[in-house]
Amino acid sequence: MLLSSNSKYTLIYAKRQGRVVLNYDCIVIGAGHAGCEASLASARLGCKTLLLTINADTIGHMSCNPAIGGLAKGQLVKELDALGGEMAKVTDATAIQFRLLNTRKGPAVRSTRAQVDRHAYRLFMKAIIEGQPDLDVKQALAEEILIKDGALSGIKTSLGEVLYCKALIITPGTFLNGLMHIGLEHFDGGRMGEGPSKKLSISLKDLGLNMGRLKTGTCARLDGRTINFNKLIMQNGDTDIRPFSFQTKRMISPQLPCYITYTNSKTHEIIRSNLDRSPLFTGKIKGTGARYCPSIEDKIYRFPARDRHHIFIEPEGLNTNEYYPNGISTSLPVDVQEKIVHSIEGLEDAVIVRPGYGIEYDYVDPTQLLPTLETKTIPGLYLAGQINGTTGYEEAASLGLMAGINASLKIKGKDPLVLDRSQAYIGVLIDDLVTKGTSEPYRMFTSRVEYRLILREDNADLRLTPIGKKIGLVSEEIYSAVMKKKESIEKEIKRLKNTRMEKALRRPGISYADVITVSTPGVEILHPRSGNPVLSPDEINEVEIEIKYEGFIKRQLSDVGRFDKLERIRVPENIDYKIINGLSSEIKEKLSGIRPLNLGQASRISGVTPAAISILMIWIEKLRRHCERTK
């Protein structure tokens, strides 16, 4: 029996075992940050999409700290927004504090961070998901990936349902064979109070994918009524708020302060004396943890000379008393967690509402993925988020968006979208993963980005909105507004270059407002003796940066030109590296495993030398000439 032709999907009653079979264009497994972005992108690009989740009440749930953005992560969120993603808009709608980080440094490394109302964020994202046309939500546990003729065909759930699709995007977060640790006790789970996804992990292994084990963790949550805030250092947000989304016109949520305190010698002694009860130090935890976001016991062990560590006391929301003590993530026993908390100034009487815990989970070696995030061996199967070896909401959302875009483009028979390292932080993120792989949770940093001066968060809309418009995720209205902004910026830069004000603006400490008001005393930021409209704050910011850093920007653009030369030299898909003379056995093995798409990617594979790239370049040229002669 079939549903009416205008239905989102086709419903078929299977003859065998009486099971219900659903056909979709794309199915997304997991409704965390990666799954939300993937399913929305797929549906918005015209694919009939299903979002499959263990618990429909936890769509968009923030498992760890109640914040979005941060150093380098802010750039990812801005780029998501420019491409047509959702995280920035939901953050703006539910944010309770904004701060621009690294303001004392250059614009290349400035990043936005927002505290959000955790509960409101989840509900806001859930409402968007449920209101999106061509997107269905189903609560079920995915168990078996179905393959037909070597390609992806669907998924089987724990309820015996068979769900067919043309593309499958797996975004399981920490649920993939999740094992939770509190002290020497451990139990199955993907998040506190929620079970793991075990059979899906087995299914991935049965498909021949190389998998590993990673570890992350979270802090205890504290009852704010039991915190002595008078002993803490108040940290307010910015008064001049620049939201994440380029479309946000005004902020609607009240802004709350965070607070700062520190660990001390007593805290450190409590931790050292209880390392024998830590699953990290007794071998209970086998997975590799995040080097750049370690647990408090790991910090004390690795940095014994440090006499204190920062703790940021972050509000969980407007309508809750819970606070997140960012900086003391731990998997120590609950009684030890209480002693640690009570040893800290301002937290002497704090009550733990929820204990901290460590969690291990499976991930797939990301070098088995194409830059589109499709698996190399199973057409139609895409992976995104922590299953790719990343950590963090922002990295997961970025991968989810790109997987959703590329799965949809493939279904529609269109060319994929691959952002390179000179285009976006997202391009760096994906290239690092699929080219170099990772043996520890991958976190984005500005230091990973070679061209960070031209890949700033403030110009993400100028860089990526045209791409979002081309693929169909950005409206004509938004695109036109960005193009108008670009025109205004370029026009003002050109005007200033014909005046003495340009030289003045290049000087340290001199702002656009300074040179304009000096030129036209008593007038606000208007163009001198012209009828042109006042530039917006964002446009003024771009004008200042482009003029002050013009020399550095030109130098970086020149570097990009050299980078592009290697990126444009494609490596034939069927090339046999084993027969190329001059390459070592190790390099042949690495090239055969990664199978780079171009010489640029080949040059970034660990252990592949410049000499090997020269040999490969000569070989590709010989192949090209041979093909031309035999035509």
Acceptor/donor pairs from residues 202-212 side chains to any protein atom, 3.5 angstrom cut, sequence neighbours excluded:
{"unit_1": "S203", "atom_1": "OG", "unit_2": "I145", "atom_2": "N", "d": "2.9"}

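- Classification of E316 and R118 as a salt-bridged pair holds, one side-chain N sitting under 4.0 Å from a carboxylate O.
- Listed by chain and number, the residues in a side chain to side chain donor-acceptor pair (under 3.5 Å) with T435 are D431, Q601 (sequence neighbours excluded).
- Here the side chain of E143 pairs no donor or acceptor atom with the backbone of K156 at under 3.5 angstrom.
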Going through the distances and angles, do Y357 and M192 end up as a side chain to side chain contact (heavy atoms under 4.5 Å, CB included)? CA-CA 8 Å; Y357 59 87; M192 186 63 79; 3.5 Å; yes
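- Side chain of K199 to backbone of S158: no donor-acceptor contact under 3.5 angstrom is found.
- Scored by the side chain to side chain donor-acceptor pair (under 3.5 Å) test, T375 finds no partners at all (sequence neighbours excluded).
- The side-chain heavy atoms of L280 and E297, taken from C-beta on, include a pair separated by under 4.5 Å.
- Inter-residue side-chain proximity for D136 and T49 is flagged as unmet; no heavy-atom pair is nearer than 4.5 Å.
- Between S111 and the choices R99, Q75, E457, the side-chain hydrogen bond (donor to acceptor under 3.5 Å, both in side chains) rule is met once, by Q75.
- Nearest heavy atom pair, residue Q97 against residue L256, reads NE2-O, 2.9 Å.
- The aromatic ring centroids of H310 and F312 lie less than 6.0 Å from each other.
- In this structure the side chain of I311 never reaches within 4.5 angstrom of the side chain of N326, judged on heavy atoms.
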Stepwise side chain to side chain contact (heavy atoms under 4.5 Å, CB included) test for Q386 and Y361: CA-CA 9 Å; Q386 286 178 280; Y361 55 94; 3.5 Å; yes
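- No salt bridge links R113 with E394; every basic N to acidic carboxylate O contact stays at or beyond 4.0 Å.
- Side-chain N/O atoms of N406 and T372 include no donor and acceptor closer than 3.5 Å.
- Residues passing the ring-ring contact (aromatic ring centres under 6.0 Å, His included) test with Y393 are H33, sequence neighbours excluded.
- Across every non-hydrogen atom of A43 and Q132, the tightest pair is CB-CG, 3.9 Å.
- Ring-centre distance between Y301 and F281: below the 6.0 Å cut-off.
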Hey, mind stepping through L163 and L52 against side chain to side chain contact (heavy atoms under 4.5 Å, CB included) and telling me if it holds? CA-CA 10 Å; L163 309 171; L52 192 66; 4.1 Å; yes
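- Between the side chains of S245 and D81, a donor-acceptor pair is found at a separation under 3.5 Å.
- Between Y324 and C219 there is a side-chain heavy-atom pair separated by less than 4.5 Å.
- Test I182, L184, I285, I359 against S331 for side chain to side chain contact (heavy atoms under 4.5 Å, CB included) and you get one pass: I285.
- Every residue two or more places apart in sequence or in another chain was checked for a ring-ring contact (aromatic ring centres under 6.0 Å, His included) with F124, and none qualifies.
- Here A114 pairs with T91, A95, F98, F244 under the side-chain contact (heavy atoms from CB on, under 4.5 Å) rule; sequence neighbours left out.
- Rounding to the nearest 0.5 Å gives a distance of 6.0 Å between CD1 of I169 and OG of S42.
- In terms of the side chain to side chain donor-acceptor pair (under 3.5 Å) criterion, R595 has no residue partners (sequence neighbours excluded).
- Pairs engaging residues 439-449 under the salt bridge (Lys or Arg N to Asp or Glu O under 4.0 Å) rule: R291-E440 [sequence neighbours left out].
- Among residues two or more places apart in sequence or in another chain, the side chain to side chain donor-acceptor pair (under 3.5 Å) test is passed with R277 by D335.
- Residues L176 and L200 have side chains in contact (heavy-atom distance under 4.5 Å, counting atoms from C-beta outward).
- Side-chain atoms of Y442 and N388 form no donor-acceptor pair, as typed in the model, at a separation below 3.5 Å.
- Every pair passing side-chain hydrogen bond (donor to acceptor under 3.5 Å, both in side chains) that includes a residue from residues 167-184 is listed here, sequence neighbours excluded: N177-D362, H181-E360.
- In terms of heavy-atom proximity, L152 sits nearest to L381 at CB-N, 4.1 Å.
- Within the structure, the salt bridge (Lys or Arg N to Asp or Glu O under 4.0 Å) test picks out the following pairs touching residues 183-195 (sequence neighbours left out): D188-K198, R191-E194.
- By the 4.5 Å heavy-atom criterion applied to side chains, P315 and C258 are counted as neighbours.
- For the pair K166 (side chain) and G154 (backbone), a donor-acceptor distance under 3.5 Å is absent.
- Remark: D432 engages R421, K436 in a salt bridge (Lys or Arg N to Asp or Glu O under 4.0 Å) (not counting sequence neighbours).
- A side-chain donor-acceptor contact under 3.5 Å links E79 to the backbone of Y425.
- In terms of modelled atom types and a separation under 3.5 Å, the side chain of D117 and the main chain of A120 share a donor-acceptor contact.
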